[in-house]
Amino acid sequence: MSIGHTLLGLLESGPRHGYDLKRAFDEKFGHDRPLHYGQVYSTMSRLLKNGLVEVDGIEAGGGPERKRYAITEAGITDVERWLATPEKPEPYLQSTLYTKVVLALLTHRDAADILDGQRSEHLRSMRILTDRKRKGDLADQLICDHALFHLEADLRWLELTAARLDKLREAVAR
Amino acid sequence: MSARQWGRDLAMGARFAFAGGREGWTRALLTAVGVGLGVALLLLTTAIPNALAERDRREEARSDHTFGQQELPRADNTLVVVDADTTYRDRDVRGRLLEPEGAKAPRPPGVAAFPADGEMVVSPALKELLASDDGKLLRERLPYRISGTIGEQGLVGSQELAYYAGGKGLMERLAGPAGGARIDSFGNPDLTSSDPWDPVLILLVLVVFVVLLMPVAVFIAAAVRFGGEQRDRRLAALRLVGSDSRMTRRIAAGEALAGSVLGLVLGTGFFLLGRQLAASAEVFRISVFPSYLNPSPLLAVLVALAVPTAAVLVTILALRGVVIEPLGVVRTARPARRRLWWRLLLPLGGLALLYPMVGQGDDGGNFNQYLVVGGVMLLLIGVTALLPWVVETVVARLGSGGVAWQLAVRRLQLSSGVAARMVNGIAVAVAGAIALQMLFAGVEGTYTRASEYDVSRAQMSVDVEDRTDTAATIAKYRDTEGMRKVTALSDIHLGDRRGEAETLIQVTVADCASLREVATLRDCRDGDVFAVKGSEYEGDSERLAKPGTTLWAESDDSGRPGDRAVSWTVPHDIRRAESREDPTGYERGGILITPGALPEKLGAFVSTRLFLSVDPSVPDAYDHVRNTAARIDPTVQPMTWRSIESNDRYAAIRTGLSVGAACVLALIGASMLVSQLEQLRERRKLLSSLVAFGTRRRTLSLSVLWQTAIPIGLGLLLAATVGIALGAVLLRMTNTSVRVDWPSVLSMTGIGAGVVLVVTLLSLPPLLKLMRPDGLRTE
Amino acid sequence: MTAPAGSLLVARDLRKAYGPTTALDGAEFSIHPGEVVAVMGPSGSGKSTLLHCLAGIVTPDSGSITYDGREVTAMSDAERSALRRSAFGFVFQFGQLVPELTCVENVALPLRLSGSSRKEAERTALAWMERLEVDDLRKKRPGEVSGGQGQRVAVARSLVTNPRVVFADEPTGALDSFNGERVMELLTDAARSANTAVVLVTHEARVAAYSDREIVVRDGRSRDMERVV
């Protein structure tokens, strides 16, 4: 996830202090990993250098330096371009799980056990996510669903592989 | 739309009727069996007139009564026939004694060779009966050796009991009371056309036919709709792959057509099978030979055309309120509330057709057959039209009850039409049957004579032949097993003068015990004479019973005991007594004489009748009496009294109705069972899930019962109403006072209800089977 | 394997064959009060048969099933029916609502089968329908409501008798994931708050994720994953 683009996007609704930006980010996207203030500071200085934001003003007062950032025209264009560019789907072609299963078959270990154990582990994660989803707000639900769907996809693969273990054993043995 | 397109769609439908794996076959077979049963019944009905005509023809061909006045002289080609009919238990046995008088004597139909004296030829059914343990008493009565069997030509039914026995000196017997004649041929060409049927009887016959055939039509209509839900799904699938709505309708029609054509084939098979079975069955004492049951070709063709046509029409009508969409079949949302007015129009129209004929039955006027048939049909169709409305209206108002009741009522509310269709057949049959029974009961006065015999005092009577020893005969009867009391009454009629008598007085000779059966006597001793005042001829009796009056007994023309007249003077010690009804219901007047007061010479003039009272608890008491009578004289038949005697032809119609109604109700019961089972199969999954959460079998069984019982109950109620109305109109038409024959109403509705019960009971085993958890398995 | 103490429903070494097909071949199961256990496995593995056996709908060929200390396999048919009426609730994939009855009448049905008056049964039913957010459907018939609504009605029905165990056989099988999860959420919430155990047969991982633990059935044999890992 591009933190720079995200912060830029947050600025589009109006100029903000760095501290405000961190709070907005944490609230909407941070979830289990809040942003360090240092991260905000370093990102903003990079954006400033590239001309995507400008300093709108500095407030004096208690605490550390309080700069107010505003987005520039170039910044808006940059956000726009980022949003319009589709994310590249992950290929998932390198699978540790697949490797484990094949190795188990090659070494005459019980591959079904591996699959069952993995499923159990997946389900454990899914239970945690499901639980969080039930207690959380819409944002939580969407984020958890995203993860759940991915885990479900893995699980489906596990089921399918379990059903085809015999064939796979033959293929591997050849 | 080209004919080819039509043909293609119909053919496609026909293929669908049998395709679709086991389920498809089952459905097609159900339809075909349903239609087949209907067709078989139709064919049977069309064959009945032929069968009856054939029976008549054979009966006539073996007729041996001459109605001519002059007696034939003995010749080479004459045969003496004497009636020797008898009754065994409740079955009549036709019996004849034969004595050929020459080589060319005519043989009765079906008899290959005359039985010699002491031998007999018997019908197969009689042979079987005589050979069985059941026939023990009859064997005693027919002490002849069996020398052969009577062929089919000589019998009117496969189960008929008949024999021809050889005899000697039969002509002498004919002088006595025995019936018979000397004949030179069998059959009576003079009697070809029996007397024309009374218009009221014709009315009865017409109504019987309509009443029997209507339910069959209703049944066929229901049969072609078996498996409707599945068919709907299939039609939807056809729409999905691009057939238009007209095409789907034609395909549906093709399916129905295929089912009904297969039904025709099956029906013909059932009919032929039934025809064979008919030979071994005897229904209401009528049996037939298979060869009798030949439907008239015209009617058979009519059936063959009408059934498939009706099937197609019914299907198209049934699809009228249905929109077949590619994704499913939509029954036009909530079908428009059933309207009452046009449904009422049908029965009212029927009444209107019948009304003008009210009162025509009496003066021998004929009924317009078309109006009768039309009116009755409209009334009965009215039942089928009203029933859905009644069921819907009543069911919508049914209140709360147990779970079983709730399940049944809710289901009926959702699909009252299906329920009503199921009971329509029964309702029509019951309505018609009630009307007919009422008509029968109503015209009973004319066609059935309520006999006045008092069966509590005597149950049989027998005449003692004049030439036999009366006292010995009485003794023989007294000694018969199961005899309680023998009342012997001898009669002489005495005239007021010698030669041509102007007035006759009845004189009854009997002992005191027997006299007490005809008069109230305070004290009576042998030698007493009484004068009684009877209900008739009072004046004459009074006059002739005066003491000192001389009365004359005279031989009649037949030239019995000499030709001398014998006189008798009324004694002075004659006493008055009160007459009472004798066992035949007759209040006799005249003179009562105890045997001690009867001059010897008068004894030759008496003719004696015995009134026999038997102990009903002794098994076969009647047949013991008959055996005694046969030992005395095989041509004597004791008369068995029944409280009601009915006209034979009327009895035949009633019999026909009972047979037909039984068949129709059985048929309808079968169709109800089929649709009930179909309905259950469709709900298999639901039933299993209901069982899963602990529904008792009893609850579901009860709900199935309610589901049948509620519409049937309503149907029977409506049927009773319409039946009584129709019966009343028919009675008015025959100018008979209207009286509801409650026993028959109750018995017909009872039979209908019985069918429900049987159907429910029969559908329980499959229900319980479907309630097994296997239904939950989805794999 | 020994059943953990405090189990409500325990099955040991269940065997069941339908003709030549072996559906269960030594399956084990146990559940605690208030626990949600998912039964998973490929189709045809014997999941549903296991559930049917546990619920006393089907009698296993051999093995034992103990509910609350009582041996279910030794009960008569009437006793098992009574047990299902009073202690168990059921949700199936489809075809379970009586099409002629309104939704509230469907929900009230188990209570009425146990002898409650109509009025009382429907009042309780309505409370459960409110809880499952389908009280506005009370007058509708099952044919007039959507699949998700119908399943919620079915869930309300399964809970209306306050059962100790609800058996759910692919309860979301006919629903899309949104409706399916909503049904699962309502079912498990309601069950947990009433301390009702749920035996949940499913092949969907996201549905199974509503459980506390899962067992896997494969070729008629069950595996309790909690004890494996």
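This one's a predicted model, so the numbers in the text were calculated from it and none came from an experiment. All heavy atoms count here, side chains included; hydrogens, waters and symmetry mates do not. By convention in this document, chain letters (A, B, ...) are assigned in the order of the sequence lines, proteins followed by strands, and residues within each chain are numbered from 1.
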Checklist outcome for this item: All heavy atoms of A/Leu123 vs all of C/Ala205, minimum pair found to be CD2-O, 3.8 Å
Item to check | Which atom of A/Arg127 lies closest to which atom of C/Ala209, heavy atoms considered | outcome: CG-O, 3.2 Å
Item to check | CZ-CD distance between A/Arg134 and C/Glu181, expressed to the nearest 0.5 angstrom | outcome: 10.0 Å
Item to check | A/Tyr98, OH: over 12 other non-hydrogen atoms inside 6.0 angstrom | outcome: no
Next on the checklist: Please check if the number of heavy atoms outside C/Asp136 that lie under 6.0 Å from its CG is greater than 12.
Outcome noted: yes
Checklist entry - Taking everything shown except A/Glu73 itself, do over 12 heavy atoms lie less than 6.0 Å from its CD? => result no
Checklist entry - Taking C/Arg206 as the fixed residue, which of A/Thr130, A/Leu151, A/Leu155, A/Asp145 is the one that meets the side chain to side chain contact (heavy atoms under 4.5 Å, CB included) rule? => result A/Asp145
Checklist entry - Roughly how far, to the nearest 0.5 Å, is NE2 of C/His203 from CZ of A/Arg156? => result 7.5 Å
